[in-house]
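Beneath this line is the structure, given in structure tokens, with notes to follow.
In what follows, chains carry the letters A, B, and so on, assigned in the order in which the sequence lines appear, proteins first and then strands, with residues in each chain numbered from 1. Just so we're clear, the structure is a prediction, and the values are computed from it rather than from any experiment.
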Amino acid sequence: MTIRTRVAPSPTGDPHVGTAYMALFSLCFARQAKGQFVLRIEDTDAARSTPESEQSILDSLRWLGLDWDEGPDKPGPYGPYRQSERLNIYKSHVDELLDKGHAFHCFCTQERLSEMRATQMQNKETTRYDGLCISLSKEAVDEKLAAGEEHVVRMKVPNDGTCVVKDGLRGEVPIEFSQVDMQVLLKSDGNPTYHLAVVVVDHLMEITHIIRGEEWINSAPKHMLLYDYFGWDMPELIHMPLLRNPDKSKLSKRKNPTSIRFYQRMGFLPEAVLNYLGMLGWSMPDGEEKFSLPAMIEQFDVSRISLGAPVFDVDKLKWLNGRWLREDLDDDGFADRISEWAYNRENLKKIIPLIKERVDIFSEVSDMIAFFAAGLPDITETDLEIKNQSADETKKILQFALWDLEAVTLWQKEPLQALFEQLAENLDLKIRDVLAPMFIVLSGKPVSPPLFDSMVIIGPDMTRARIKHGIDVLGGVSKKQNKKLEKEYQTLRRSRA
RNA sequence: GUCCCCUUCGUCUAGAGGCCUAGGACACCUGGUUUUCAUCCAGGCAACAGGGGUUCGACUCCCCUAGGGGACGCCA
């Protein structure tokens, strides 16, 4: 049997380091066993999936040097590798479950479901679908379907008994069936949910080992049940520990830069980032901390994975990157890499139109363009003192802008400009008041080349990171503040719409 | 609230019953090299969550408690 692993990201945002983490371990596992590693795009959520996000996931994984054997851009015998391109196959699978009596139509409204959950929580019960629609007669169901009533298809789950989940790292994890929800398999828009899609396609793609985050362990019984209903062999499961923020919560962009592109933009070497991810939860048998991907593949051993969820420590990543830089790049290599990174002709050509008219002699250039390539500017609270603006107001502007910018998919001058004009209007401010703190957090100075053009060149990840940094310099946003700001932000958005 | 997982220096980790007076690395501190800084080198600080078992012997096995995390969506 050929070992086949996969990584299955959903293209709903920035390429996450967690995705790279799972991809790295999946790849090592497969490559060591001379098997295959597959990249599959899990875009069953039509509303949130974007082609831009998919592209940047592909780009980021490729940048890291994580090459897949089959994927959306690399056709293979098990394609297509994008869930949205195989939506038609799920209907028949759902019908099969329906026929066998393993699934049922559910006509419950969202309101009823959320009320049900609230009551269950109040009664100290497990929140779980109560099975109301199972008892519907065949005639009643047909009638409702004929009338075109909105519905979903849910899987049936035994009422009692225990599901023993076999995990490659933890051994047997018992989960009572009474704790397992009757998962929706087919949404009312006719699309499959992740749970259905992932089971069907992992089977069709002959995936033998599923390496995924620990967050999935509780839904393993659903997946096992589905394999069982279909009469398929269950792949082996390996649940990796979750990467964490310094405060120990699950790694999230609110608290930590989580986009791979941020680390790329910051000037980390892909070898170092990969190496660092490899030493989170795993170690070389000889204890060496610096190792390459081929070395990791050669030495890889699942039993060396430690289960405690590691904190992502940027300081250590920096140290490791320094070692790679010093030990593996000669002067030529250094020159190649740094120009490939930012000081290439193409990049300079984008910058020059912005600075040309502001420059008389070349020696003025480097100061002016430094912030394009820089990381986070060295600014203090004093730098962020804006005329006629309290620190709290400044913080609010930055936070609102950040939230707005997180939603931007088309990172170009015009939409960015429109965004800030709208923000100023909503806040009842002049645009220059909104932009004043932006200049500081982005360039470190109250003046800079044109802001929106600069933002385009700096890129979305670094732009957001610098704004976030500005907010942090102002003391950050407390949980309480955040709640208040969020409320105000939502109100503004609503009135805008 | 219900369920699941986890628990060695602040952080990443080594440790598969005696090799542990618990090792390495980051960070931090001290000193040396360097005209400075960085690098590099030397040294220092610092941990087995707590309580019960099992055993001649427990960081390692079992149980309980505590702490942390995660999952409870027509998101993935």
Side-chain angles (χ1 to χ4, degrees), chain A residues 8-13 16 18-19 41-49 53 83 106-110 113-114 117-129 150-154 162-163 165 167 169-171 173-181 183-198 212-222 239-251 276-290 303-323 325-327:
Chain A
S10 68
T12 54
H16 199 274
T19 304
I41 296 297
E42 215 70 31
D43 54 353
T44 48
D45 185 351
R48 293 200 306 149
S49 299
S53 171
Q83 289 284 24
C106 173
F107 301 88
C108 294
T109 60
Q110 304 273 17
L113 293 174
S114 52
R117 287 185 192 112
T119 315
Q120 285 168 334
M121 217 178 259
Q122 230 166 35
N123 296 343
K124 306 191 175 190
E125 290 163 14
T126 303
T127 53
R128 180 182 193 247
Y129 181 63
E150 189 157 282
H151 67 279
V152 300
V153 177
R154 286 178 185 274
T162 305
C163 179
V165 177
D167 177 85
L169 302 176
R170 279 157 269 255
V173 178
I175 295 175
E176 304 284 322
F177 277 122
S178 62
Q179 298 297 326
V180 180
D181 201 1
Q183 180 63 46
V184 170
L185 300 177
L186 209 60
K187 308 183 219 176
S188 57
D189 64 3
N191 283 343
T193 57
Y194 169 84
H195 296 279
L196 200 234
V198 86
R212 39 139 73 142
E214 197 183 344
E215 57 199 336
W216 292 105
I217 210 161
N218 283 296
S219 30
K222 295 173 185 172
H239 290 98
M240 294 293 295
L242 252 26
L243 265 25
R244 301 203 256 181
N245 296 310
D247 73 356
K248 311 261 187 182
S249 57
K250 179 170 143 181
L251 194 65
Y276 181 66
L277 289 174
M279 65 192 258
L280 293 178
W282 192 79
S283 59
M284 276 288 186
D286 64 359
E288 179 54 60
E289 293 195 288
K290 179 161 168 270
S303 72
R304 295 194 62 80
I305 294 173
S306 57
L307 263 12
V311 170
F312 193 94
D313 178 14
V314 181
D315 272 343
K316 189 144 187 178
L317 170 57
K318 264 170 92 171
W319 162 79
L320 193 59
N321 199 74
R323 278 192 66 183
L325 218 63
R326 285 187 291 277
E327 296 170 17

**Asked** Is A/Lys316 paired with A/Asp313 through a side-chain N to carboxylate O contact shorter than 4.0 Å?
**Response** no
**Item:** Counter-base of B/G17, judged by Watson-Crick or G-U geometry with both distances under 3.5 Å
**Value:** none
**Point-to-point distance, once rounded to the nearest 0.5 Å, from CZ of A/Phe312 to CG of A/Leu277** = 6.0 Å
**Prompt:** Looking only at atom P, what distance separates B/A58 and B/G52, rounded to whole Å?
**Reply:** 13 Å
**Message:** Using the P atom as the point on both nucleotides, what is the distance between B/A27 and B/C74, in whole Å?
**Reply:** 46 Å
**Asked** Can you tell me how far CD1 of A/Ile217 sits from CG of A/Leu242, rounded to the nearest 0.5 angstrom?
**Response** 10.5 Å
**Message:** Strictly distance-based, threshold 3.5 Å: is any side-chain N or O of A/Asp247 a donor or acceptor partner for the main-chain N or O of A/Ser249?
**Reply:** yes
**Item:** Which residues share a side chain to side chain contact (heavy atoms under 4.5 Å, CB included) with A/Pro285, sequence neighbours left out
**Value:** A/Gln299, A/Arg304
**Request:** Starting at atom CD of A/Glu288, determine the distance to atom P of B/A14, rounded to an integer number of angstrom.
**Result:** 15 Å
**Message:** Nearest 0.5 angstrom please: A/Tyr129 OH to A/Gln120 CD, how far?
**Reply:** 11.0 Å
**Complete:** note: A/Leu277, atom CG; B/C26, atom P; distance rounded to Å ~ 19 Å
**Request:** Give a yes or no on whether the backbone of A/Arg128 and the side-chain of A/Asp181 come within a donor-acceptor separation of less than 3.5 Å.
**Result:** no
**Request:** Identify, between A/Gln120 and A/Leu242, the residue whose nearest nucleotide on RNA chain B lies closer to the 5' end.
**Result:** A/Gln120
**Prompt:** Between B/G23 and B/A66, how far is it from one C1' atom to the other, in whole Å?
**Reply:** 29 Å
Each nucleotide N or O in nucleotides 73-76 of chain B that has a protein N or O under 3.5 Å away: list the pair and distance.
from  : atom 1 : to       : atom 2 : distance (Å)
B/G73 : OP2    : A/Arg117 : NE     : 2.5
B/C74 : OP2    : A/Arg117 : NH2    : 3.4
B/C74 : O2     : A/Ser188 : N      : 2.8
B/C74 : O2     : A/Ser188 : OG     : 2.8
B/C74 : N3     : A/Ser188 : OG     : 3.2
B/C75 : OP2    : A/Lys187 : NZ     : 2.6
B/C75 : O2'    : A/Asp45  : OD2    : 2.9
B/C75 : O2'    : A/Arg48  : NH2    : 2.9
B/C75 : O2     : A/Arg48  : NH2    : 3.3
B/A76 : OP1    : A/Thr44  : OG1    : 3.0
B/A76 : OP1    : A/Lys187 : NZ     : 3.1
B/A76 : OP2    : A/Tyr194 : N      : 3.2
B/A76 : O2'    : A/Ser10  : OG     : 3.1

For nucleotides 40-48 of chain B, give me every protein contact, N/O to N/O, under 3.5 Å, one pair per line with atom names.
none

**Asked** Taking the inter-plane angle between the rings of A/Trp216 and A/His195 on a 0 to 90° scale, is it parallel (under 30°), tilted (30 to 60°) or perpendicular (over 60°)?
**Response** perpendicular
Could you go over nucleotides 59-66 of chain B and give all protein N or O partners under 3.5 Å, atom names and distances?
none

**Asked** Should the pair A/Glu214-A/Arg244 be classified as a salt bridge under the 4.0 Å nitrogen-to-oxygen rule?
**Response** no
**Item:** Rounded distance in Å between the C1' positions of B/U65 and B/C28
**Value:** 34 Å
**Message:** Please give the distance between the C1' atoms of B/G51 and B/G70 as a whole number of Å.
**Reply:** 27 Å
**Request:** Take atom NZ of A/Lys124 and atom P of B/G1, then tell me their distance rounded to the nearest Å.
**Result:** 7 Å
**Pairwise C1' distance for B/C4 and B/U8, with rounding to whole Å** = 23 Å
**Message:** Distance check, P atoms only: B/C19 and B/U60, in whole angstrom units.
**Reply:** 13 Å
**Request:** Measure the distance from CD1 on A/Ile175 to C1' on B/C72 and round it to the nearest whole Å.
**Result:** 11 Å
Identify the pairs formed between an N or O of the protein and an N or O of nucleotides 6-13 of chain B at a distance under 3.5 Å, and give each distance.
from  : atom 1 : to       : atom 2 : distance (Å)
B/U11 : OP1    : A/Lys248 : NZ     : 2.8
B/C12 : OP1    : A/Val311 : N      : 2.9
B/C12 : O2'    : A/Met279 : O      : 3.0
B/C12 : O2     : A/Lys316 : NZ     : 3.4
B/U13 : OP1    : A/Gly281 : N      : 2.2

**Asked** If you round to the nearest 0.5 Å, how far is NZ of A/Lys222 from CG of A/Leu185?
**Response** 9.5 Å
**Prompt:** On a whole-Å scale, what distance lies between the C1' atoms belonging to B/A49 and B/G68?
**Reply:** 11 Å
What's touching nucleotides 31-33 of chain B from the protein side, N or O pairs under 3.5 Å?
none

**Fill in**
To the nearest angstrom, the CD1-P distance between A/Ile217 and B/C3 comes to 16 Å
**Request:** May I have the distance from A/Asp286 (atom CG) to B/A25 (atom P), rounded to whole angstrom?
**Result:** 14 Å
**Mate of B/G57 where both pairing distances stay under 3.5 Å, Watson-Crick or G-U** = none
**Message:** Just verifying a value: how many Å separate A/Leu243 CG and A/Leu251 CG, rounded to the nearest 0.5 Å?
**Reply:** 5.5 Å
**Request:** Find the partner of B/G43: check Watson-Crick (N1-N3 plus N6-O4 or O6-N4) and G-U wobble (N1-O2, O6-N3) distances, both under 3.5 Å, and reply none if neither fits.
**Result:** B/C29
**Message:** Please find the pair of heavy atoms, one from A/Pro241 and one from A/Pro310, that lie closest to each other, and give the distance.
**Reply:** CB-CD, 4.1 Å
**Asked** So, do A/Lys187 and A/Thr193 sit near enough that their side-chain heavy atoms are less than 4.5 Å apart?
**Response** yes
**Prompt:** Taking atom types as modelled, is there a side-chain donor on A/Gln179 or A/Thr126 under 3.5 Å from an acceptor on the other?
**Reply:** yes
**Request:** State the pairing partner of B/C72; accept Watson-Crick or G-U wobble contacts with both distances under 3.5 Å, and report none otherwise.
**Result:** B/G1
**Item:** Distance, nearest 0.5 Å, that separates CZ of A/Arg48 from OG of A/Ser10
**Value:** 6.5 Å
**Request:** With a 3.5 angstrom cut-off on both distances, give the Watson-Crick or G-U wobble partner of B/C48, or none if there isn't one.
**Result:** none
**Prompt:** Whole-Å distance between B/C4 C1' and A/Phe177 CZ?
**Reply:** 15 Å
**Closest non-hydrogen atom pair, A/His239 against A/Gly213** = CD2-O, 3.4 Å
**Fill in**
By the Watson-Crick or G-U definition, both distances under 3.5 Å, B/G67 is matched with B/C6
**Prompt:** Considering every strand shown, what is the Watson-Crick or G-U wobble mate of B/U34 when both distances are under 3.5 Å?
**Reply:** none
**Request:** Report yes or no: does A/Asp286 contribute a side-chain atom to a donor-acceptor pair with the main-chain N or O of A/Glu288 at less than 3.5 Å?
**Result:** yes
**Asked** Nearest-Å distance, CG (A/Leu317) to P (B/A25)?
**Response** 19 Å
**Carboxylate-amine/guanidinium proximity below 4.0 Å for A/Lys250 and A/Glu215** = yes
